Visitor: 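Could you have a look at this structure, given as structure tokens, before my questions?
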There are 2 protein chains.
Amino acid sequence: MSFTYEFERPSLTVDCVVFGVDESTLKILLIERGIEPFAGQWALPGGFVRMHEDLESAALRELSEETGVTKLYLEQLYTFGAAERDPRGRVVTIAYYALVRLADHRVRAATDARDAAWYAIDDLPPLAFDHRKIVDVARERLRGKVRYKPIGFELLPHKFTLTELQKLYEIVLERALDKRNFRKKILGMELLVALDEVEAGVSHRAARLYKFDTRRYKRLVRQGFNFEI
Amino acid sequence: MSFTYEFERPSLTVDCVVFGVDESTLKILLIERGIEPFAGQWALPGGFVRMHEDLESAALRELSEETGVTKLYLEQLYTFGAAERDPRGRVVTIAYYALVRLADHRVRAATDARDAAWYAIDDLPPLAFDHRKIVDVARERLRGKVRYKPIGFELLPHKFTLTELQKLYEIVLERALDKRNFRKKILGMELLVALDEVEAGVSHRAARLYKFDTRRYKRLVRQGFNFEI
DNA sequence: CCAAAAGTGTTCACGGTACACCCATGC
DNA sequence: GCATGGGTGTACCGTGAACACTTTTGG
């Protein structure tokens, strides 16, 4: 089977930068390519867009196929279309970035991926194509967005301590935050619900657990509230 | 001549939302389509991406061909790829938004465009495809970005009065600003150069003209300065 | 009792906001 | 001289930033 067109057409792919936080390290999910070009090299999970699927669906499908990751926050990042970015010919890729609760996801490689693994963002292997550039753009976007949308919670377990939350912001923003000011600010927003529960298995005073109140957040947004760290 | 591929490929287009400000009205540039589908309807300027040109080059080329507009600020907006957005079949479009000094541009229609004209953003005709949605996303993006990047100046003549600048922000942000506070803030950034010149042809006290100091802005940014209105 | 992290308030500086009148110019 | 917009300063308040000690728990 083949398809014939009057004009040449570029190929269309999607690629995903999947962020996760593990023990105070920001990581992204990579696959080891099983096929040429760049076979054996690490790359972003992604692949060709099918004819009848939306772009976001394509991103979700590729992620699921190649890495087993399914439930996540996904958002379009940018479209990379430099004429020479792929040695196979003209390939335009729509990049997405995603946030996952890393503990929830046992990754497993499949389809075109020989392997799948989490890499610390500050210690990435050489990446195929222009994927390094895509990662840099994604990180920059995450840094920007985390400050005015409560997307950071997508990276944490549903129940978390204030210290974990602060650490997360410190990792993403790449700077230290003052403990008292951070708590005052975040609690002042009244978006967190204090649970009747504390962390377990620590050899010091156990911290209270909180959860993010999505309902309340949506209500406040409708009233003109702006999240900001 | 024709091209044959093993797998189906979507078509790829670019579309541009070109903003201009005219007499305190925010306008965008539309073309009247000369060919099907939607012949005779208004639409965003745009067209198919060629095989060997970058996406941004394609956007600039289409703009120039269809409307005669050339020198402008251009930035990628978002990629729209819903499976059913184009009746001709699968067409993915990379949308750009652009800012121009409206007075500099005599528009003229050409190629696939029967006509080209500026329309007030609040009084648009029905648009072809999903272009209305693209316009809405672009407007939202402009509103957001104008506050923390000095892109508003791209919409004004090189020499402008403080009142013109304030009007511009009021139009884009859709709210009134306090004159004294606005001036204090904008002059305090030291990004404007007061010229030895005042506006002409007004029947009241003539306002001083200013220009934006790009050099100085870049220097300040390197030192960690953040523009913000 | 020691180590480790949890939890908690106050002060100060700065920037945002509200607000009203005189001035210069053209007709 | 009048209509029109240009241009200017101050007072208040809320938010961001700096900063250190006591409490709780497990080992």
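Proteins get letters first, then strands, A, B, ... in listed order; numbering begins at 1 in each. Bear in mind the structure is a predicted one, so any value in this text is a computation, not a measurement.
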Visitor: Say whether A/Thr79 and B/Thr79, considering side chains only, have a donor N or O and an acceptor N or O under 3.5 Å apart.
Guide: yes

Visitor: Take the protein atom CZ of B/Phe182 and the nucleotide atom C1' of D/dG9, then report the distance between them rounded to whole Å.
Guide: 18 Å

Visitor: To the nearest angstrom, how far is A/Arg180 atom CZ from D/dT22 atom C1'?
Guide: 12 Å

Visitor: For A/Leu162 and B/Arg175, find the nucleotide of DNA chain C closest to each by heavy atoms; which residue's nucleotide sits nearer the 5' end?
Guide: A/Leu162

Visitor: Grab the two heavy atoms, one from B/His131 and one from B/Ala43, that are nearest each other, plus how far apart they are.
Guide: ND1-CB, 3.6 Å

Visitor: Assuming nearest nucleotide by heavy-atom distance, tell me which of A/Lys179 and A/Lys185 is located more 5' along DNA chain D.
Guide: A/Lys185

Visitor: Over how many whole Å does the gap from A/Glu199 atom CD to C/dA4 atom P extend?
Guide: 15 Å

Visitor: How close do A/Phe227 and A/Pro150 get, counting heavy atoms only, and between which atoms?
Guide: CD2-N, 3.7 Å

Visitor: Any chance you could lay out the side-chain hydrogen bond (donor to acceptor under 3.5 Å, both in side chains) test for B/Thr214 and B/Arg219, step after step, and finish with the verdict?
Guide: CA-CA 9 Å; B/Thr214 309; B/Arg219 186 151 20 97; over 6 Å; no

Visitor: Rounded to whole Å, how long is the line connecting atom CG of A/Leu165 with atom C1' of C/dA5?
Guide: 17 Å

Visitor: Base, sugar-phosphate or nothing for A/Arg208? Non-hydrogen atoms, less than 4.0 Å.
Guide: sugar-phosphate

Visitor: Output the rounded distance in Å from CG (B/Asp178) to C1' (D/dT8).
Guide: 12 Å

Visitor: Could you walk me through whether B/Phe160 and B/Phe212 pass the ring pair (Phe, Tyr, Trp, His ring centres under 6.0 Å) check?
Guide: CA-CA 9 Å; B/Phe160 51 84; B/Phe212 180 71; 8.1 Å; no

Visitor: Taking the side chain of A/Asn181 as its heavy atoms from C-beta onward, which of D/dG7, C/dA6, D/dC19 lies nearest to it?
Guide: D/dC19

Visitor: State which of D/dG27, D/dG7, C/dG7 makes the closest approach to the side chain of B/Arg205.
Guide: D/dG7

Visitor: Atom NZ of A/Lys184 and atom C1' of C/dC12: how far apart are they, to the nearest Å?
Guide: 12 Å

Visitor: Please report the interatomic distance CD(B/Glu170) to OG1(B/Thr163), rounded to the nearest 0.5 Å.
Guide: 9.5 Å

Visitor: Calculate the interatomic distance between A/Leu177 atom CG and D/dA18 atom P; express it in whole Å.
Guide: 11 Å

Visitor: Give one of base, sugar-phosphate or nothing for B/Thr163, where a contact means two heavy atoms less than 4.0 Å apart.
Guide: sugar-phosphate

Visitor: Any chance you could measure B/Leu60, atom CG, to B/Cys16, atom SG, to the nearest 0.5 Å?
Guide: 7.5 Å

Visitor: Tell me, which of residues 221-229 of chain A have any heavy atom that sits under 4.0 Å from an atom in DNA chain D?
Guide: none

Visitor: Expressed as a whole number of angstroms, how long is the span from A/His204:NE2 to C/dA4:P?
Guide: 10 Å

